[in-house]
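Notes follow once the structure below has been shown.
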Amino acid sequence: MTQERELAELTRLVREFSTERDWQQFHDPKSVILALVGEVGELAELFQWVPADQAVSRFSSPDRHARVAEEMADVLVYLVCLADVLGVDLGEAARAKLADSHRRFAADAVRGVAPHKP
Ligand SMILES: [Mg+2]
């Protein structure tokens, strides 16, 4: 399955989940954004106080890896839901944004240099 079709299928599954429960009535953009931010917070909490140089190794154990994957999935589901509510083609928007980043950050000009604001 192509990534575009996977994203479309995920959108369909998220919509179906909400529809079956009559929860779409609660999915105004503000509420979905707050839910999304809450899930980002849950993901961030897993890394809270973990030294940066230990973050990868700390989450390589199966149970911690599963917890990170679970929170990342929550984030993705709410992001897909938000895109659906707002009529945004998330795949196309991401591709356009990445193309813009390619233009703004030519690899030969920025290789090995962390992006920062002046
Ligand atoms: Mg969660």
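For clarity, every value in this text was computed on a predicted model and none was experimentally measured. We count residues from 1, following the sequence as given. As the structure lists them, so they are numbered: ligands from 1, and atoms in each ligand from 1.
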Taking the Mg ion (ligand 1) as the reference point, name the nearest N/O/S atom of [X].
X: E39; result: OE1
X: E71; result: OE1
X: E42; result: OE1

dist D100:CG -> K97:NZ (nearest 0.5 Å) comes out at 5.5 Å

Any N/O/S of D74 under 2.8 Å from the Mg ion (ligand 1)?
-> yes

Between [X] and [Y], which heavy-atom pair has the shortest distance, and what is it?
X: E39; Y: Y78; result: CG-CD1, 3.6 Å
X: L90; Y: L79; result: CD2-CG, 4.0 Å
X: P29; Y: L86; result: CG-CD2, 3.5 Å

